[in-house]
Amino acid sequence: MSSITVAKVLNNNVIIAEHPQYAEVVVIGKGIGFNRKTRDRINLSSVEKMFILRSQEEQEQYKQLVPQVDEKLIEVVQEIILYIMQNSNQQLNEHIHIALTDHIAFAIRRHGQHIDIHNPFLYETKEIYPDEYNMAEFAIRRINETMDVNLPADEIGFVALHIVSAISNRHISEVKQHSLLIGDLVGLVENNLEYHVPRESLDYSRLVTHLRFVLERLRRGETVRETSSLDGLMKREYPEMYMLAWKLTKVIEQRVHMPVYPAEVSYLTIHLQRLAQKKEDEVDLGTSGGTQ
């Protein structure tokens with residue numbers, strides 16, 4: 001019967017063990033660490049959950065984190081990570097074990113002190129990453145149930161970004177940067193148009209989705225086919241929206257430190273013109289409604 005050897009007991013339910021095939025592994029299970037000592041052997045058949053932290057740095061961080069965290073939280077985070085893996089059908093960056101546990105523990109502590117942080121890009125995150133947002137909704141629901149807390153909806157957005165980071169293997173700071181950038185770009189559009197785009201509207205969804213694809217194309221290094229005839233038409237027919245689109249691409253270039261293909265300006269102009277037309281239509285409706 002294959003077995004593992006206890007290397008370090010982190011708490012009653014979490015141990016670090018030496019695996020015959022995978023070297024050091026983290027083992028989670030009800031009472032798995034109770035009365036265990038270093039070099040004790042445990043049959044693999046009795047192991048409920050196990051994951052590998054290949055990076056020595058990740059192992060050390062996790063060893064430091066676990067003793068500071070409620071044991072119930074360790075278990076529910078592992079349940080959530082398993083749920084994410086099953087629903088995304090993706091291998092996750094191993095850092096999520098540390099990042100998500102640490103984030104939720106801090107969020108619960110803040111919430112207990114009545115210090116809730118507003119998420120400025122909640123709507124952008126929901127629009128850009130709908131699947132990850134749905135998984136994060138499950139995560140917050142399970143955390144609230146298990147830990148007997150009531151974390152606000154803002155936390156769904158924060159957790160969604162951690163999920164995106166783990167699935168895409170991108171650092172959380174880059175994921176946050178893109179969401180924040182899209183929020184700033186939307187704000188720039190609204191200021192220029194003097195029009196608030198309703199967050200639950202199809203117009204908002206279209207705009208955010210288009211901006212997201214611009215950033216994704218840049219990240220992947222995809223080229224955008226030049227369309228000089230479309231560019232000339234947009235510049236001639238919609239000069240104000242064309243100039244606004246040009247400004248948006250310049251903001252993107254400054255923030256991501258990469259050049260934006262000129263063709264993006266033309267495609268963005270089309271979306272902006274649709275919004276401008278929507279604003280005019282609403283103003284006309286309001287005016288006609290007021291004269292009746």
Side-chain angles (χ1 to χ4, degrees), residues 65 69-70 72-88 90 92-93 95-168 170-191 195-213 215-216:
L65 176 64
V69 175
D70 189 310
K72 285 193 299 182
L73 181 59
I74 297 288
E75 289 188 50
V76 74
V77 167
Q78 291 313 306
E79 176 194 334
I80 289 163
I81 290 172
L82 184 61
Y83 175 85
I84 295 166
M85 290 175 66
Q86 290 170 341
N87 282 267
S88 66
Q90 298 275 352
L92 306 181
N93 185 298
H95 186 66
I96 192 172
H97 293 281
I98 297 162
L100 193 56
T101 305
D102 191 41
H103 175 86
I104 295 300
F106 187 49
I108 291 172
R109 194 155 59 246
R110 278 191 285 101
H111 189 63
Q113 297 167 345
H114 306 289
I115 307 171
D116 290 326
I117 296 179
H118 173 63
N119 189 334
F121 35 81
L122 184 66
Y123 284 101
E124 285 78 9
T125 303
K126 188 175 183 179
E127 284 296 332
I128 302 168
Y129 309 112
D131 293 339
E132 291 84 353
Y133 191 91
N134 288 338
M135 291 182 225
E137 279 187 315
F138 168 84
I140 293 299
R141 186 168 64 250
R142 287 295 297 126
I143 287 159
N144 284 342
E145 290 168 356
T146 304
M147 306 304 296
D148 193 24
V149 293
N150 189 26
L151 295 180
D154 295 78
E155 283 298 332
I156 297 172
F158 292 131
V159 169
L161 294 182
H162 279 287
I163 296 171
V164 172
S165 174
I167 291 174
S168 62
R170 292 153 61 198
H171 196 276
I172 185 70
S173 61
E174 182 189 352
V175 177
K176 282 183 178 176
Q177 180 195 41
H178 278 195
S179 293
L180 188 57
L181 173 54
I182 288 175
D184 290 344
L185 293 171
V186 170
L188 188 58
V189 170
E190 291 180 323
N191 287 338
Y195 172 62
H196 175 73
V197 187
R199 292 304 187 255
E200 301 296 340
S201 68
L202 185 57
D203 295 307
Y204 178 81
S205 179
R206 284 170 178 154
L207 176 62
V208 168
T209 300
H210 183 79
L211 291 170
R212 173 200 175 187
F213 287 151
L215 295 178
E216 282 297 310

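Hydrogens, waters and symmetry mates play no part in the numbers below; they use all other heavy atoms, side chains included.
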What distance do [X] atom [atom1] and [Y] atom [atom2] have between them, rounded to the nearest 0.5 Å?
X: L122; Y: E155; atom1: CG; atom2: CD; answer: 10.5 Å
X: H111; Y: D154; atom1: NE2; atom2: CG; answer: 11.0 Å
X: S168; Y: I163; atom1: OG; atom2: CD1; answer: 11.5 Å

| field | By side chain to side chain donor-acceptor pair (under 3.5 Å) - contacts of Y195 (at least two apart) | value |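 Side chain to side chain donor-acceptor pair (under 3.5 Å) list for Y195, sorted by chain: E282.
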Side chains of [X] and [Y]: does their closest heavy-atom pair fall under 4.5 Å?
X: L161; Y: Y129; result: yes
X: L185; Y: V189; result: no
X: H210; Y: L207; result: no
X: S88; Y: E132; result: no
X: Y204; Y: H196; result: no

| Between H103 and H162, how do the two ring planes meet: parallel, tilted or perpendicular, split at 30° and 60°? |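 Rings of H103 and H162: tilted, 30 to 60°.
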| task | From the options I143, I84, I104, select the one residue that forms a side-chain contact (heavy atoms from CB on, under 4.5 Å) with V159. | result | I104
| What's the shortest heavy-atom distance between T125 and S179, and which atoms? |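 Of all heavy-atom pairs spanning T125 and S179, the closest is OG1-OG, 4.0 Å.
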Return yes if some donor-acceptor pair links the side-chain N/O of [X] with the main-chain N/O of [Y] below 3.5 Å, else return no.
X: D102; Y: I98; result: no
X: T101; Y: H97; result: yes
X: E190; Y: V197; result: yes

| message | So for atom OH, which belongs to Y83, do other residues, nucleotides or ligands contribute more than 12 heavy atoms lying within a distance under 6.0 Å? | response | yes
| message | Whether K72 and E75 form a salt bridge (side-chain N of Lys/Arg under 4.0 Å from carboxylate O of Asp/Glu) is what I want to check. | response |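 Between K72 and E75 there is no salt bridge, as every charged N stays at least 4.0 Å from the carboxylate O atoms.
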